[in-house]
2 protein chains.
Amino acid sequence: MSGRREEILDAAVAIADDRGLEAVSMRAVAERVGVTPMALYPHVGGKTGLLDAMVGRLLADLPAGKARRSLRDLAHAARKLVHRHPWAATLLFARPAISSDAVGSVDRIYLALLDSGVPEAEIPRLERMVSTFVIGFAVSETAGRFQELNPRGRRDEAAGRALPGHAALGEWLARPVDWDAEFEADLDDLEAMIQAVVRRAPGVPGTLDEPTDADP
Amino acid sequence: MSGRREEILDAAVAIADDRGLEAVSMRAVAERVGVTPMALYPHVGGKTGLLDAMVGRLLADLPAGKARRSLRDLAHAARKLVHRHPWAATLLFARPAISSDAVGSVDRIYLALLDSGVPEAEIPRLERMVSTFVIGFAVSETAGRFQELNPRGRRDEAAGRALPGHAALGEWLARPVDWDAEFEADLDDLEAMIQAVVRRAPGVPGTLDEPTDADP
DNA sequence: ACCTGAACACCGTTCAAGT
DNA sequence: ACCTGAACACCGTTCAAGT
């Protein structure tokens, strides 16, 4: 409600986009807003409250509208969001999707899985599984885990027989990776996996109203 | 080589295990070693060097021995490692697997995928995919993303029709989650996915020496 | 080569005080 | 209700100096 809070979150997101998450200090945000650090506390309730609110603000920008989107569209949107705001990735892993905006995007994934004919009992698990992979992929790209490796070093060590797996794959490890293409291939495999879950389910896709009551 | 460096890493890991990653300051580590903060610099080269070395130390504890392990065993070992050292999860996403210990564990995954008959061309991608999921799952558990949600709040909002997906799944969202069982179910689906990749590959599993030269 | 001690430019947060 | 200003207990890192 208070415009001051929005002003504070705008400033924090701008600083994080420009100079990274570690540049987001209460002092820096306060200075950008034109106020004393302590003036932020009533509005965001401390540093962790500020970080939580920043994530909420980001998720609010996820694809809105009433149209149902495919799982693929949602995955692309999430990856793009992390590319635009790399600092958000760590925070997404650290907090449950509790803000109303976050729950809204989980709901869109539920709808996509329902549309695909996935049994209701499997949907919460598959939502977590797909989200975990998508966020993990995007954070690996932006945080450095997928950073280009030095092929020389790898092959040298492989030649020393210490790494038989690397030695066997030498040729395939040498070429540079197209991350866009890899993400698509991963989504292909995940979609096929989801279709396999649908296939092994009892009943016909689209008419699954009888939950299987096997719980062990 | 220098025993001092080992002593420093021991102290840093102990502090992180006890009081979390943010308690690992150069000052705190130095005090535990019984030395001045500046005395650490020649051995670890600053704070980020210290963090990198801590991750390397952890991966060195991953299942060793020459026996080939299944993908499932490796996944369990990785999850257990993150449970024991939750602070490592963020760091695993942030840095490429460059230390010799890290490369060693990647090599074990390569071997497991080769044993499963996965075409060589697909192995680096599937290794990244499976690792991304496993690390992401473990960090979600330990960092809070999978933290128990308040079902009341969710159902209330769902009842307000703002969340049709949640409303449709109400019954399934209410029950508490068995994270061990969910991890096993996810691994089942991932293994089935990998078998599907093997099945659609040209040639017989085990005799794949002709790479398909289709690159688009 | 390895370590110390003082200093610099930062943090998040508390507290008492102002309006 | 909202904000200020001083203070406290911290950071990582530099620098010059010791042995």
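In the text below, chain A, chain B and the rest are named by the order of the sequence lines, each starting its count at 1.
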Among dC15(C), dC3(D), dG5(C), the nucleotide that comes nearest once only the side chain of M38(A) is considered: dC15(C)

Atom pair distance, as rounded to whole Å: OH in Y41(B) and C1' in dA16(D): 16 Å

Interatomic distance, L21(B) CG vs dC11(D) P [rounded to whole Å]: 13 Å

Test item: side-chain donor near acceptor, H43(A) and E6(A), under 3.5 Å: no

N/O donor-acceptor pair under 3.5 Å between R108(A) side chain and S70(A) backbone: no

Sidechain N-carboxylate O distance under 4.0 Å for R69(B), D115(B): no

Proximal nucleotide (of dT4(C), dG12(C), dT4(D)) relative to the T36(A) side chain: dT4(D)

Under 3.5 Å on both distances, the Watson-Crick or G-U partner of dA16(C): dT4(D)

Length of the line joining E22(A):CD and dC11(C):P, which is rounded to integer Å: 11 Å

Salt-bridge contact D17(B)-R84(B) (side-chain N to carboxylate O under 4.0 Å): no

Charged N-O contact under 4.0 Å between D178(A) and R125(B): no

Rounded distance (Å) that lies between atom C1' of dT14(C) and atom NZ of K47(A): 17 Å

dA9(D) versus dA9(C) - spacing of their P atoms, nearest Å: 22 Å

Rounded distance in Å - CG (L40(B)) to P (dG12(D)): 10 Å

E7(B) CD - dC2(C) C1' separation (whole Å): 14 Å

Nucleic acid contacts - residues 25-34 of chain A versus DNA chain D, non-hydrogen atoms under 4.0 Å: R27(A)

K47(A)/D52(A) salt bridge by N-O under 4.0 Å criterion: no

Between P of dA1(C) and CZ of R5(B), the distance in whole Å: 18 Å

Phosphate OP1/OP2 of dA1(D) contacted by H43(A) side-chain N/O (<4.0 Å): no

Side-chain N,O (R4(A)) to OP1/OP2 (dC3(D)) below 4.0 Å: yes

Whether F133(B) and F137(B) hold their rings parallel, tilted or perpendicular, with breakpoints at 30° and 60°: tilted

